[in-house]
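In this chain, numbering begins with 1 at the start of the sequence shown.
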Amino acid sequence: MKKIVIVGAVGGGATAAGQLRFYNPDVQIVVFDRDSTMSYAACGTPYVIGDVIEDEQSIVLTNPEKFKKKRDIDVKLGHEVKEIDRATKKVLVQNLETGDQFEETYDALILAPGGSAIVPKIDGLDSSQVFTLRNFEDMQRIDRFIKNKKPESCIVSGGGFIGLEMAENLKNLGLDVSLVHRSPAIMSILDTDISLMIEKELAVQGVKLLTGTEMVKTDGKTIKLSNGIELHADFIIMSVGLRPNTGLAVKAGLKIGETGGIQTNEFMQTDDPSIYAIGDASENFDMVTGAPKRVPLASPAHRQAFIAARHILGDKIAKKGLLGTSVLKIFSLTAAMTGLNEKTIKDKNLEYATVTHNGISNAGYYPDHSKITLKVHYNPQTRKILGAQCIGGKGVDKRIDVIVTAIYAGLTIDDLQALELCYAPPYSSPKDPINMVGYKAINDN
């Protein structure tokens with residue numbers, strides 16, 4: 001009987017275990033995770049803190065007891081895999097509660113260790129109340145602090161996904177929120193003009209935004225920025241980035257790629273064919289350019305889990321690359337993107353053209369409609385779509401989802417005008433914004 005050991009029991013790890021069992025009732029599966037909670041929806045944690053999700057347990061999808069009973073999979077929480085002996089195919093595991101160590105053999109090993117929040121070295125940071133939001137326990141600590149201490153103000157450091165989601169949820173709780181971001185514009189995965197629309201929304205909603213600066217010193221509730229500005233806040237949310245947890249892989253001599261993730265092939269295998277890497281700590285490749293790419297998001301992790309599980313069981317389904325498709329809610333706006341942004345295109349010296357459509361989500365005469373901006377980059381010679389971004393009210397996500405499908409299917413920018421998309425006044429227009437982008441691109445040809 002084949003035995004598979006999985007390191008990590010959240011999104012990618014739990015999904016891989018479930019897929020292995022679904023497709024093979026006989027394999028032995030053991031999962032280790034150092035945390036105390038498995039298979040929770042990490043993306044929901046800011047909304048638990050913001051009381052949008054009232055029951056924190058609702059984002060926990062299962063527990064070891066249920067997983068064992070339903071799927072016959074052994075999950076050992078509070079256990080850390082310390083070493084991998086590739087020659088003998090064994091891992092050294094430590095029980096974090098007792099300190100005891102033991103060895104576990106494997107035929108195949110899946111690494112899904114996730115990542116850790118980066119906390120920069122800042123003078124005096126230990127004197128301030130600082131939180132990161134990376135796991136279920138982090139969420140509980142922040143939630144308890146807000147409910148018990150009743151703070152009035154917060155500084156969020158970092159204008160990425162977590163930073164913006166936390167800024168919104170904390171503001172909705174009635175806190176005075178300042179958002180500090182090192183780069184000139186927030187959400188660096190977006191084009192600057194799209195980012196500026198989010199910045200305007202933050203201002204409208206009363207979030208104080210300070211870009212092009214960073215924290216350099218703290219003294220309790222007093223925080224000094226590199227531009228000389230001094231802020232006061234009851235606590236700090238540190239969300240400046242994610243560091244892939246590659247220590248175990250490095251110690252085992254596995255190859256680390258250009259992006260800092262564990263290098264994998266199209267089947268999620270590392271340079272050791274019996275060891276796979278998925279999720280935040282794995283490096284795959286870009287679907288558009290073929291260059292190394294790491295996307296620490298839930299959807300790619302689940303797909304990678306499926307591919308690794310099927311490959312272990314003998315079914316070779318290749319990963320076709322990563323697009324980095326993502327969506328963000330920030331107060332009344334939704335922003336979404338897929339593929340390459342303008343900066344990446346320029347950095348790689350790719351030939352490109354851009355078509356932008358400013359329109360509405362659905363029929364203007366229907367009372368429930370909103371403005372949206374759809375921006376698509378494409379190669380003017382091959383007409384292949386390189387990437388797209390959309391921002392506005394309702395319907396943003398579905399436009400990007402159509403673009404994702406078009407890229408995956410190899411459609412050109414010109415093909416977009418021919419797509420027969422859903423139409424009724426509450427949902428779209430006879431010529432959807434997707435169609436309009438296609439028509440405009442043809443006219444620019």
Side-chain angles (χ1 to χ4, degrees), residues 11-12 15 43 161 187-191 194 266 268 278-280 282 284-307 317-329 333-345 348 350 352-357 359 361 372-379 382-423 427-428 431-441:
T15 297
C43 299
F161 287 104
M187 284 299 288
S188 58
I189 65 170
L190 296 172
D191 292 346
I194 305 296
E266 68 271 32
M268 306 313 300
I278 62 176
D280 295 355
S282 69
N284 214 217
F285 56 92
D286 187 277
M287 187 182 292
V288 177
T289 67
K293 193 179 185 79
R294 186 173 61 86
V295 178
L297 295 173
S299 293
H302 286 283
R303 179 61 181 169
Q304 292 164 354
F306 171 81
I307 288 170
I317 301 173
K319 185 86 173 73
K320 293 191 175 182
L322 295 164
L323 286 173
T325 306
S326 51
V327 64
L328 170 74
K329 177 187 178 299
L333 284 182
T334 298
M337 66 90 65
T338 190
L340 308 180
N341 62 17
E342 197 162 26
K343 182 180 184 303
T344 302
I345 291 170
K348 293 184 177 297
L350 300 178
Y352 80 104
T354 302
V355 59
T356 301
H357 176 68
S361 58
I372 65 172
T373 296
L374 177 59
K375 185 178 183 183
V376 182
H377 304 301
Y378 63 97
N379 184 308
T382 66
R383 315 298 286 174
K384 293 292 185 181
I385 300 169
L386 302 176
Q389 300 174 30
C390 191
I391 190 168
K394 61 185 248 187
V396 165
D397 54 336
K398 77 173 185 177
R399 269 72 190 204
I400 290 299
D401 284 342
V402 172
I403 299 292
V404 171
T405 306
I407 295 174
Y408 191 89
L411 302 184
T412 67
I413 187 74
D414 306 316
D415 290 325
L416 298 183
Q417 52 84 23
L419 297 179
E420 186 179 333
L421 302 175
C422 287
Y423 164 63
Y427 302 104
S428 184
K431 287 189 291 187
D432 189 87
I434 291 285
N435 301 134
M436 292 304 299
V437 164
Y439 283 122
K440 286 185 175 181

Taking it one step at a time, do Lys375 and Glu342 satisfy side chain to side chain contact (heavy atoms under 4.5 Å, CB included)?
CA-CA 10 Å; Lys375 185 178 183 183; Glu342 197 162 26; 3.7 Å; yes
Step-by-step side chain to side chain contact (heavy atoms under 4.5 Å, CB included) determination, Thr354 to Val376:
CA-CA 6 Å; Thr354 302; Val376 182; over 6 Å; no
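Looking at heavy atoms from C-beta onward, Ser282 lies out of side-chain contact with Arg294 at the 4.5 angstrom threshold. A 4.5 Å side-chain heavy-atom check between Ile189 and Met187 finds at least one atom pair inside the cut-off. Put simply, the side chain of Leu323 reaches to within 4.5 Å of the side chain of Ile407, judged on heavy atoms. Here the side chains of Tyr423 and Lys431 are not in contact, with every heavy-atom distance at 4.5 Å or above. With a 4.5 Å cut-off on side-chain heavy atoms, Leu416 and Tyr439 do not count as touching. In this structure, the side chains of Leu421 and Ser428 stay at 4.5 Å or more apart for every pair of heavy atoms. Residues Val327 and Ile400 form no side-chain contact, since every pair of their non-hydrogen atoms from C-beta on lies 4.5 Å or further apart.
For His377 and Asp191, the side-chain atoms include at least one donor-acceptor pair closer than 3.5 Å. Of the N and O atoms on the side chains of Asn284 and Gln304, not one donor lies less than 3.5 Å from an acceptor on the other residue.
Judged purely by atom type and a 3.5 angstrom limit, Lys348 has no side-chain atom pairing as donor or acceptor with the backbone of Leu350. Between the side chain of Asn341 and the backbone N or O of Ser188, at least one donor-acceptor pair lies under 3.5 Å. Not one N or O on the side chain of Asp414 forms a donor-acceptor pair closer than 3.5 Å with the backbone of Arg383. The closest donor-acceptor contact from the side chain of Thr344 to the backbone of Leu340 lies at 3.5 Å or more, if one exists at all. Counting only distance, with no hydrogens or angles, the side chain of Thr289 and the backbone of Asp286 share no donor-acceptor pair below 3.5 Å. Lys384 places no side-chain N or O within 3.5 Å of a backbone atom of Leu411 that could act as its donor or acceptor partner. Here the side chain of Asn379 pairs a donor or acceptor atom with the backbone of Thr382 at under 3.5 angstrom. Panel note: side chain Asp280, backbone Val295; no donor-acceptor pair is recorded below 3.5 Å.
In summary, of the residues considered (Ile413, Val437, Thr338), a side chain to side chain contact (heavy atoms under 4.5 Å, CB included) with Ile403 occurs for Thr338 alone.
Residues Cys390 and Leu374 approach most closely at CB-CD1, 3.9 Å, considering heavy atoms. Scanning both residues, Val355 and Ala441, for their nearest heavy atoms gives CG2-N, 4.1 Å. Across all their heavy atoms, Cys43 and Ala298 have their closest contact at SG-CB, 4.2 Å. Taking every heavy atom of both residues into account, Ala336 and Leu190 meet most closely at O-CD2, 4.5 Å. Taking all atoms of both residues into account, the shortest heavy-atom contact from Lys293 to Gly324 is CE-N, 4.1 Å. Of all the heavy atoms in Ala406 and Ile385, the pair that sits closest is CB-CD1, 4.1 Å.
Applying the 6.0 Å contact sphere to OH of Tyr427 captures no more than 12 heavy atoms from other residues, nucleotides or ligands.
The line from CG of Leu322 to CG of Leu297 is 9.5 Å long, rounded to the nearest 0.5 Å. Expressed to the nearest 0.5 Å, how far CG of Leu333 lies from CD1 of Ile391 amounts to 5.0 Å. To the nearest 0.5 Å, the span separating CG on Leu419 from OG1 on Thr405 amounts to 9.5 Å. With values rounded to the nearest 0.5 angstrom, Thr356 atom OG1 is found 12.5 Å from Met436 atom CE.
The salt bridge (charged side-chain N to carboxylate O under 4.0 Å, His left out) search around Arg399 returns Asp432, not counting sequence neighbours. For Lys320, there are no salt bridge (charged side-chain N to carboxylate O under 4.0 Å, His left out) partners two or more places apart in sequence or in a different chain.
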